[in-house]
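These notes concern the structure reproduced below.
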There are 2 protein chains.
Amino acid sequence: MTPPNNSKRRKELVAIAARLFYEQGYERTTVRMLADAMGIKSGSLFHHFNDKQEILCAVIQDGMESAMEIARQALDGVADPKERFLSLSKAHLSTLLNDRNAHVVALYEWRSLSDSSLDLLIGMRDEYENLWQKVIDECVEAGVLKGDVPLIRRFTLGALNWTVQWYDASGEKSSDDLAKALAELMGMPAS
Amino acid sequence: MTPPNNSKRRKELVAIAARLFYEQGYERTTVRMLADAMGIKSGSLFHHFNDKQEILCAVIQDGMESAMEIARQALDGVADPKERFLSLSKAHLSTLLNDRNAHVVALYEWRSLSDSSLDLLIGMRDEYENLWQKVIDECVEAGVLKGDVPLIRRFTLGALNWTVQWYDASGEKSSDDLAKALAELMGMPAS
DNA sequence: GTCTATAATAGGATAGAC
DNA sequence: GTCTATCCTATTATAGAC
């Protein structure tokens with residue numbers, strides 16, 4: 001039987017898998033590659049996970065959880081709608097661009113999940129999007145943004161999520177710089 | 001030997017491949033699936049293409065070419081910077097959301113290309129991005145947008161490209177509606 | 001919890017006839 | 001240009017010993 005889902009060892013293995021899935025994509029990463037990176041043989045992998053897809057599910061769960069946690073922290077104690085939007089954007093980009101891996105996988109590899117994994121994770125995704133929805137709602141109510149809130153949320157997350165495709169961590173701009181630039185583009189210059 | 005790259009038959013096959021790659025992703029699509037959809041046996045596929053990856057390259061080439069053509073048409077005869085931006089956005093979303101397939105594959109499956117295919121295609125991508133760069137440049141010069149132009153281009157294309165992940169063609173909003181909404185969000189309401 | 005060994009199959013690609 | 005037949009390897013997953 002596989003061990004409990006919250007074992008420390010499993011967490012480590014999931015983090016390693018996240019890195020490989022991030023670097024090469026889920027489908028191109030074989031269980032042998034995973035086992036190698038984990039320092040075990042491929043047969044041993046199946047002591048921790050029932051199948052390959054379950055590893056992906058665990059990675060995505062991990063990515064969503066940490067994104068959620070960092071997002072909540074970022075909003076904690078911040079009251080001004082513009083500031084909340086900026087802080088949430090910084091948190092989002094931070095998980096994507098600095099601590100790359102799990103959150104990126106969570107955004108880009110949904111297609112490879114089984115239906116039952118999808119059921120498990122879709123609630124977490126909705127929860128995260130609701131956080132954004134509320135913050136944008138506050139901005140609209142405060143008059144610093146205008147338009148259809150779900151649409152603004154989707155455009156914003158699109159602009160942010162796409163940074164994964166082009167951002168160069170060794171370049172001049174920090175992920176915080178990007179967040180600021182996006183807020184400015186949307187008519188919310190730093191006050 | 002494989003036939004010339006511009007044969008009509010090959011174009012048809014590439015379009016079919018584009019649909020499958022769009023629906024399931026490149027890695028999850030097998031050459032047998034491709035052959036089935038094309039109405040031939042898998043062995044026959046290799047009369048038209050040297051290997052699977054070459055099919056992807058052809059699909060992406062196709063996607064970039066048609067996106068480029070539609071973009072040029074959209075800008076033709078339009079002078080006002082704001083109008084040009086809107087028109088280009090509409091064209092981009094139209095190739096992504098209505099005539100889904102090749103352009104979507106072109107955006108999302110770069111990772112699976114071989115180095116030599118990459119060399120071939122990277123120039124086309126740059127050309128397309130340059131088109132956007134110029135239009136945004138014009139907007140900045142006209143004072144309707146402000147900020148770092150490459151950054152604005154990337155955020156804009158991110159917001160647009162991400163629509164693939166959530167857009168529902170059977171919903172109320174057309175792809176043109178989305179383009180308008182984004183322009184408004186960026187402080188360029190229809191005049 | 002990890003190992004070795006291996007089963008079972010799927011996947012990309014080729015050869016040669018028609 | 002397509003078919004049949006098939007090769008060859010990679011891949012996921014299992015079984016049983018330690």
Side-chain angles (χ1 to χ4, degrees), chain A residues 1-60 105 109 111-118, chain B residues 1-60 105 109 111-118:
Chain A
M1 236 354 251
T2 53
N5 283 9
N6 49 5
S7 82
K8 192 186 165 196
R9 177 79 174 127
R10 184 171 154 129
K11 283 259 174 209
E12 290 169 8
L13 298 181
V14 169
I16 291 167
R19 203 192 73 234
L20 296 203
F21 291 163
Y22 163 70
E23 286 170 358
Q24 340 204 25
Y26 172 76
E27 303 288 352
R28 294 166 68 85
T29 305
T30 70
V31 295
R32 291 204 217 305
M33 289 171 176
L34 290 167
D36 270 3
M38 294 166 179
I40 57 179
K41 299 294 175 185
S42 66
S44 310
L45 228 178
F46 293 92
H47 175 74
H48 301 277
F49 307 93
N50 288 309
D51 56 27
K52 186 189 172 192
Q53 183 273 160
E54 193 181 289
I55 308 179
L56 176 62
C57 181
V59 168
I60 294 184
V105 175
E109 301 283 0
R111 270 214 287 216
S112 297
L113 289 168
S114 71
D115 285 347
S116 63
S117 294
L118 211 56
Chain B
M1 233 359 248
T2 52
N5 283 7
N6 50 5
S7 82
K8 192 186 165 195
R9 177 75 174 129
R10 183 172 153 128
K11 282 257 173 211
E12 290 168 8
L13 298 182
V14 169
I16 291 168
R19 203 191 74 237
L20 296 204
F21 290 163
Y22 163 69
E23 287 170 358
Q24 337 202 26
Y26 171 76
E27 302 288 351
R28 294 167 67 85
T29 305
T30 68
V31 296
R32 286 175 173 71
M33 288 171 176
L34 290 167
D36 271 4
M38 293 167 177
I40 57 179
K41 299 294 174 183
S42 67
S44 309
L45 228 178
F46 293 91
H47 175 74
H48 301 277
F49 308 93
N50 288 310
D51 56 27
K52 186 190 172 192
Q53 184 271 159
E54 192 180 291
I55 310 178
L56 176 62
C57 181
V59 167
I60 294 183
V105 175
E109 301 282 0
R111 268 213 289 214
S112 298
L113 289 169
S114 71
D115 285 347
S116 62
S117 295
L118 211 57

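Heavy atoms only: backbone and side chains are in, while hydrogens, waters and symmetry mates are out.
For the pair B:Leu34 CG and C:dG11 C1', the computed distance is 12 Å after rounding to whole Å. Look at CD on B:Gln24: it is 11 Å from P on C:dG11, rounded to the nearest Å. We find that CZ of A:Arg28 is positioned 15 Å from P of D:dA10, with the value rounded to whole Å. Rounded to whole angstrom, the span from the CD1 atom of B:Ile40 across to the C1' atom of D:dT4 amounts to 14 Å. The CE atom of B:Met33 sits 11 Å away from the C1' atom of C:dA10 (whole-angstrom rounding). When the P atom of C:dC3 is taken as reference, atom CG of A:Leu45 falls 10 Å away, rounded to whole Å.
Applying the salt bridge (Lys or Arg N to Asp or Glu O under 4.0 Å) test to residues at least two apart or on different chains, none of the pairs has a partner in residues 37-48 of chain B.
For the salt bridge (charged side-chain N to carboxylate O under 4.0 Å, His left out) test, no residue two or more places apart in sequence or in another chain qualifies with B:Arg32. Judged as a salt bridge (charged side-chain N to carboxylate O under 4.0 Å, His left out), and not counting sequence neighbours, the contacts of B:Arg28 are A:Glu27. In this structure B:Lys11 satisfies the side chain to side chain contact (heavy atoms under 4.5 Å, CB included) test together with B:Asp62, B:Glu65, sequence neighbours excluded. Contacts of A:Ser116 classified as side chain to side chain contact (heavy atoms under 4.5 Å, CB included), with partners at least two apart in sequence or in another chain: A:Ser114. Taking the side chain to side chain contact (heavy atoms under 4.5 Å, CB included) definition, one finds that A:Asp51 meets it with A:Gln53, A:Glu54, sequence neighbours left out. When the side chain to side chain contact (heavy atoms under 4.5 Å, CB included) test is applied to B:Ala18, the partners found at least two apart in sequence or on another chain are B:Val59, B:Asn101, B:Ala102.
Within residues 8-19 of chain B, no residue is approached by DNA chain C to less than 4.0 Å at the level of any non-hydrogen atom.
Distances shorter than 4.0 Å separate none of the side-chain N or O atoms of B:His47 from OP1 or OP2 on D:dT2. Taking 4.0 angstrom as the limit, A:His48 places a side-chain polar atom (N or O) nearer than this to OP1 or OP2 of C:dT2.
Relative to the six-membered ring of B:Tyr26, B:Lys52 meets both conditions, a distance below 6.0 Å and an angle of at most 45° to the axis.
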Check: What one-letter contact string describes nucleotides 12-18 of chain D from 5' to 3', where B marks a base within less than 4.0 Å of any protein heavy atom, S marks contact via sugar-phosphate atoms alone, and - marks no contact?
Finding: BBB----

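A 4.5 Å side-chain heavy-atom check between A:Leu13 and A:Leu45 finds every atom pair outside the cut-off.
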